[in-house]
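Before any comments, here is the structure.
Naming convention: chains lettered A, B, ... in sequence-line order (proteins, then strands); numbering from 1 in each chain.
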Number of protein chains: 2
Amino acid sequence: MSTDATPKARAKRRDAQRNREKLIDATMDVFTERGLDVPLEEIARRAGVSIGTLYNHFPSRDDLIAAFYPAKFAAQIEDADRALECAPWEGFVWYLARLCERQACDRGLSDLLSRRLPDTPELRQACAQSYERTSRIIARAQQDGSLRADFTPQDLTFVIWSSISIIKATAAVAPDAWRRHLAFLLDGCRATAAHPIATPSLDMEQVLKTMPTLGTATAQHE
Amino acid sequence: MSTDATPKARAKRRDAQRNREKLIDATMDVFTERGLDVPLEEIARRAGVSIGTLYNHFPSRDDLIAAFYPAKFAAQIEDADRALECAPWEGFVWYLARLCERQACDRGLSDLLSRRLPDTPELRQACAQSYERTSRIIARAQQDGSLRADFTPQDLTFVIWSSISIIKATAAVAPDAWRRHLAFLLDGCRATAAHPIATPSLDMEQVLKTMPTLGTATAQHE
DNA sequence: CAATAACTTGAGGGAACCCTCAACTTCTAT
DNA sequence: ATAGAAGTTGAGGGTTCCCTCAAGTTATTG
């Protein structure tokens with residue numbers, strides 16, 4: 001209202017910056033350990049600030065989540081790139097196992113996929129990047145003759161969803177059980193195992209609407 | 001304290017019996033439609049009684065659940081019996097699809113598998129019956145040479161868990177999507193698709209501990 | 001070292017759900 | 001008909017988490 005003639009918005013105060021960082025660090029830890037539904041007080045406590053300060057920096061849980069996931073997406077994209085350096089089928093298998101491993105040791109990450117995320121440009125971009133690589137991983141393995149021809153990038157979502165549920169169910173009793181489930185699924189993905197499937201693949205629209213990544217494209221009522 | 005010399009406990013009052021039945025009916029409907037975590041007031045409202053009466057008849061949510069699931073288990077056992085009348089592989093496939101179909105149209109049923117149930121004799125018996133049939137369905141298909149030899153009854157849990165997560169994720173967008181997932185999984189279950197799996201099957205103990213049916217065998221702290 | 005804008009604090013109000021219990025109503029047996 | 005046991009009721013206290021905002025604290029700038 002008064003002196004807003006400065007070229008850009010004025011820099012944050014030093015202590016405020018520090019608090020923001022402490023909050024982000026705490027968020028990464030707490031979400032990873034306990035999932036995205038943890039009480040926000042827990043994050044404030046861990047960061048050593050009051051709940052009021054938390055709300056000052058991050059007005060809603062979604063803002064914390066928005067600070068949480070980019071690193072996770074980036075790691076996933078790196079994994080995809082590494083997978084593309086392997087032989088086609090091995091890369092495909094390794095990538096899926098890697099996805100699952102990450103879910104298995106990160107409750108926040110596995111919660112991400114069952115939650116509507118805000119529709120930010122960064123997220124759209126991360127999705128596009130991820131999709132691009134995933135498609136290549138799949139296409140390579142199909143050209144190679146090892147992956148069944150009717151497998152689509154959207155079908156990968158099934159692998160993730162189903163593995164997450166196994167991971168969550170068996171975490172306390174047999175933390176490796178998902179590997180067995182994945183093995184069955186992979187055997188069903190081989191070209192040599194393929195029998196025609198009547199139900200068509202989801203299209204990308206449907207996957208987006210369903211859960212991970214973007215909400216209903218352009219926000220809904222929030 | 002006074003006149004408890006009657007051979008058996010006195011019969012319930014007529015109106016109390018009626019209320020109990022209304023509550024059970026409401027429970028079946030509400031759990032089926034909205035899952036096991038619905039507010040109990042909703043059930044009382046639907047039954048046309050007060051919340052106090054609900055608590056009078058069913059002191060805890062678990063007691064309502066205990067009234068809910070036997071019919072569901074019975075249906076499942078019937079399905080298994082029908083499956084045993086088909087050809088081995090067809091029976092196996094039909095049974096799995098049937099299980100999933102039931103989950104798909106019954107939120108209460110799908111919640112059951114991700115919740116610790118009370119350890120009652122009836123439940124133990126239902127589990128034993130179910131296990132006995134399931135084992136036969138599997139054994140038949142293996143002897144037949146169609147189902148891979150390393151598939152165990154415990155692996156069936158994976159099929160259910162994973163399908164439930166697909167069902168929940170896609171219910172709003174593509175209510176049939178689970179069929180595609182199941183098809184991949186089934187292709188991976190064929191004897192001809194089998195590749196050796198390093199991770200061993202869960203044993204029955206572990207499955208019980210994990211989730212469905214019984215809690216930690218002989219109750220824990222409740 | 002003010003003065004002031006920026007930031008922090010935590011008590012507290014709100015919502016959703018749980019469960020209880022003292023006062024009331026209804027059934028049933030005599 | 002009536003007494004008393006059996007059953008019902010719903011307001012209200014408890015819990016957990018959400019989020020706000022008036023009052024207090026701290027950094028920054030001249």
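For B:Asn56 and D:dT8, the shortest distance from a side-chain N or O to OP1 or OP2 is below 4.0 Å. Distances shorter than 4.0 Å separate some side-chain N or O of A:Thr53 from OP1 or OP2 on C:dT9. Remark: A:His57 is not in phosphate contact with C:dC7, judged by side-chain N or O atoms under 4.0 Å from OP1 or OP2.
Smallest separation of non-hydrogen atoms from B:Val49 and B:Leu54: CG2-N, 4.5 Å.
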Go through the steps to decide whether A:Trp161 and B:Lys168 satisfy the test side chain to side chain contact (heavy atoms under 4.5 Å, CB included), and finish with yes or no. CA-CA 10 Å; A:Trp161 277 328; B:Lys168 289 195 171 173; over 6 Å; no
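Aromatic ring centres of B:Phe58 and B:Phe68: separated by at least 6.0 Å.
Contacts between residues 12-22 of chain B and DNA chain C, defined by a heavy-atom separation under 4.0 Å, are made by B:Arg13, B:Arg14, B:Asp15.
At least one donor-acceptor pair under 3.5 Å links the side chain of A:Arg61 to the backbone N or O of A:Leu36.
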Sugar-phosphate or base contact per nucleotide [nucleotides 12-18 of chain C; S, B, -; heavy atom under 4.0 Å]: -----SS
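A salt bridge between A:Arg133 and A:Glu78 is absent, with no side-chain N of the basic residue lying under 4.0 Å from a carboxylate O of the acidic one. One finds no salt bridge joining B:Arg18 and B:Glu21 here, because no Lys/Arg side-chain nitrogen approaches an Asp/Glu carboxylate oxygen to under 4.0 Å.
Ring geometry for B:Phe151 versus B:Phe92: interplanar angle over 60°, hence perpendicular rather than tilted (30 to 60°).
By the side-chain hydrogen bond (donor to acceptor under 3.5 Å, both in side chains) test, A:Ser60 is found to be paired with A:Asp63, residues two or more places apart in sequence or in another chain being considered.
Protein atom CG of B:Leu54 is 16 Å distant from nucleotide atom C1' of C:dC21, rounded to whole Å.
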